[in-house]
Number of protein chains: 2
Amino acid sequence: MPPDPLPGSPDDPPEDGLGLRETKKRQTRIAMHRAAVELVAEHGFTQVTVEMIARKAGVSTRTFFNHWVTKDAAVLGVVPGEAVQLSQQLRAQLEVASPRDALRAVLRDVLAGIPADPELRELKKLVMTKEPHLHTISSGNLIEVQSELVEVLSEGMLDEGMEPEDARLCAAIVVQVGFALTRSAFGLSMTRGLDLPSAYDRVLELYDGGLREV
Amino acid sequence: MPPDPLPGSPDDPPEDGLGLRETKKRQTRIAMHRAAVELVAEHGFTQVTVEMIARKAGVSTRTFFNHWVTKDAAVLGVVPGEAVQLSQQLRAQLEVASPRDALRAVLRDVLAGIPADPELRELKKLVMTKEPHLHTISSGNLIEVQSELVEVLSEGMLDEGMEPEDARLCAAIVVQVGFALTRSAFGLSMTRGLDLPSAYDRVLELYDGGLREV
DNA sequence: TGCACTATTTCAGCGAGTGCAATTTCTGTG
DNA sequence: CACAGAAATTGCACTCGCTGAAATAGTGCA
C-alpha cells in the first residue's frame, strides 16, 4: 500500500495504485463514514437521519445506500462483499494451522485491516458507549460471513475424520466463540484507546489463560 | 371480535392463575407469533408484511407493535422486559456458583422457559435455515440484556478481588462466549429436532471437552 | 474526439415503526 | 349490579429507512 490514502493531502498527487475513479469512490465513502460517526457522536443514533449524513458528506441519500447496506453499516464502517474473500483466506490458513488458530488468524487480519485513525476511534468510542445496539457489529452481512466460515471449517473438520454430524456443530461453535471474542476485542478497543489487533491479543490472552474455567 | 383465535381449547375452563385479561393477552400474543412463523415459513421473511401477520392473527397492526418491539421479535417470539429479571437471577446464582456456571444456569433457565411446541419448532427450523439473518436472535433488546449481565458479573468479579480494569473485560468475555454458546444451541435445536435445553447441554459438553483446543 | 462504462442523482413508492387521542374491554369496589 | 379507573385495542397521520427504475453526468480508453 502506498503511503497516503488519508485526508492529509490537499490536492491530488496523481497516482497511488488504483484508478482515479476508485480513489474518488473511496474518498466519498470515507467522507460518509466520518460524517456518520461525527453526527451520531454529537446527536445520538436515532436523532441522526440518513439525509443529514448524506448532506454533510455532499451526496444524495440514494448514493448513500449505494455504498452502505444500512445506516448502522455506515457508522461502523462495514463494507460489504468480504464474505468470499474471508472464506478463501480461511481455507488457506487451514492448510497450516488448526481450525481454531486458522480462524483466529483470519479474524486478526480483518481487525488489522481496519484503519486506525485515532481521532475517528475516539469518536467511535463515544458512539459505541452511547449506542449499545451497535455492538451487534452489523447484524446484516456479518451473519453471511459467519455461515460462510462455518461451511469452510466443517469441511476441514470432516477431512480430519470427524463425524459429519458433529463437524458442523463444532464448526459452528468455534466460529461463534471466535466472533464472540472478536466482539469483546471491539469493545475493549473502544473503552480503552487500544488499537484493534492489540485488543484482540489481550482478549485471547485472557481467554486462553484460565478464563474459561472462571 | 371473539370468534376463535385458538385451536386447542374450545371454551374457557375459567381459572388458571392469572386474570382473564392476562390470559387473553397471552393468547393473542401466541396467535401473532404463530401467524408470523407460519407466514414467513411459507413466503419468506421479506415477502411477509406486518399487516399480513396482524390480519391473520386478527388484530390491528398497531396492536402488533404494542406486543412486539420489531417484526423479527415476533417471528422469534422474543418478549421484551426480561433484562431486569435475568440480572436478578444472575445475582442470586452468583451466591452459589462461579461466574461462568452462574451465567450458564441463568441462560439454561431461559432456554427451558421457551415452550417447546414441536410443530412450531418444525416451522421455525424451516424459517431459520431460509432466513439466516434471524440468527442474530434479535439484535435489539438482546444487547440490553447482555450489558446488564456484564454489569452484574463484573461486580461479582470485583468482590473476588479482581482488578477493576480486568473485571469488566473478563465479564464481557464470559458473557459474549456464554451467548455464543447459546446461539449455537439455538442453531442445533433448529437443524436437528432437539429441544433447547438438551441442545444447550450438548453444546456445553462439546465445548468443555477439548473443543477449545481444536 | 467519440464511445462504453459506471457512479450519481432524481423520483416515486413501500413498509416498518411511533405518538396521540378516541374507544372498547376488563377488574376491583361499594 | 353499577360504576369508576386501569389497561388493551384501534385508527390516523406521520417520519424515516430503504429500493427500483430511469435519466444524467463524469471517466477511462481507443
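Everything numeric here is computed off the predicted structure, so don't read it as measured data. Proteins come first, then strands; the chains are lettered A, B, ... in the order of their sequence lines, and each starts at number 1. All values below come from the heavy atoms of this structure, side chains included, with hydrogens, waters and symmetry mates left out.
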**OP:** Would you indicate, yes or no, if D:dT27 has its OP1 or OP2 atom less than 4.0 angstrom from a side-chain nitrogen or oxygen of A:K24?
**Re:** yes
Original post:
With respect to the phosphate group of C:dT8, does any side-chain polar atom (N or O) of A:T28 fall under 4.0 Å of OP1 or OP2?
Top reply: yes
Original post:
Once you round it to whole Å, what is the distance between P of C:dT9 and CZ of A:F65?
Top reply: 14 Å
Original post:
Below 3.5 Å, does any donor atom in the side chain of B:R62 face an acceptor in the base of C:dG17, or the other way round?
Top reply: no
Original post:
To the nearest angstrom, how far is A:M32 atom CE from C:dT8 atom P?
Top reply: 7 Å
**OP:** Tell me whether the OP1 or OP2 atom of C:dT9 has a side-chain N or O from A:S60 closer than 4.0 Å.
**Re:** yes
**OP:** Between D:dT27, D:dT19, D:dA8, spot the one nearest the side chain of B:K25, thanks.
**Re:** D:dA8
Subject >> Closest to side chain of A:V50, choosing from C:dT8, D:dG17, D:dT10 >> reply: D:dG17
Subject >> Atom-pair distance (CE on B:M52; P on C:dC14), nearest Å >> reply: 13 Å
**OP:** Determine the minimum heavy-atom distance between B:V152 and B:R91, stating which atoms define it.
**Re:** CG2-NH2, 3.7 Å
Original post:
A:K71 has an atom NZ; how far is it from atom C1' of C:dG17, in whole Å?
Top reply: 13 Å
Original post:
Should we say atom CD of A:E51 is surrounded by more than 12 heavy atoms from elsewhere, each under 6.0 Å from it?
Top reply: no
Original post:
Yes or no on salt bridge (charged side-chain N to carboxylate O under 4.0 Å, His left out) for B:R108 and B:D201, after CA distance, side-chain angles and deciding distance?
Top reply: CA-CA 9 Å; B:R108 197 176 187 289; B:D201 291 339; 2.8 Å; yes
**OP:** Would you mind reading off the distance between A:F64 atom CZ and C:dC11 atom P, rounded to a whole angstrom?
**Re:** 21 Å
Subject >> Length of the line joining A:N66:CG and C:dT9:P, which is rounded to integer Å >> reply: 9 Å
Original post:
Hey, does the Lys NZ or Arg CZ of A:K71 hover above the aromatic six-ring of A:F45, less than 6.0 Å from the centre and inside 45° of the axis?
Top reply: yes
**OP:** Remember a base hit wins even if backbone is also touched, and classify B:T49 as base, sugar-phosphate or nothing at under 4.0 Å, heavy atoms.
**Re:** sugar-phosphate
Original post:
Base, sugar-phosphate, or nothing: which does B:T61 touch, judged by heavy atoms less than 4.0 Å apart?
Top reply: nothing
Original post:
Rounded to the Å, how far apart are A:E51 CD and D:dG17 P?
Top reply: 9 Å
**OP:** Find the distance B:R26:CZ to D:dA8:C1' and express it as a whole number of Å.
**Re:** 16 Å
Subject >> A:R55, A:R34, A:Q47, A:K56 screened by side-chain contact (heavy atoms from CB on, under 4.5 Å) with A:L39, the one that passes >> reply: A:K56
**OP:** Return the nearest nucleotide to the side chain of B:H67; candidates are C:dT8, C:dG17, D:dT9.
**Re:** D:dT9
**OP:** Please check the phosphate of C:dA7 (OP1 and OP2 only) for any side-chain N or O of A:T63 closer than 4.0 Å.
**Re:** no
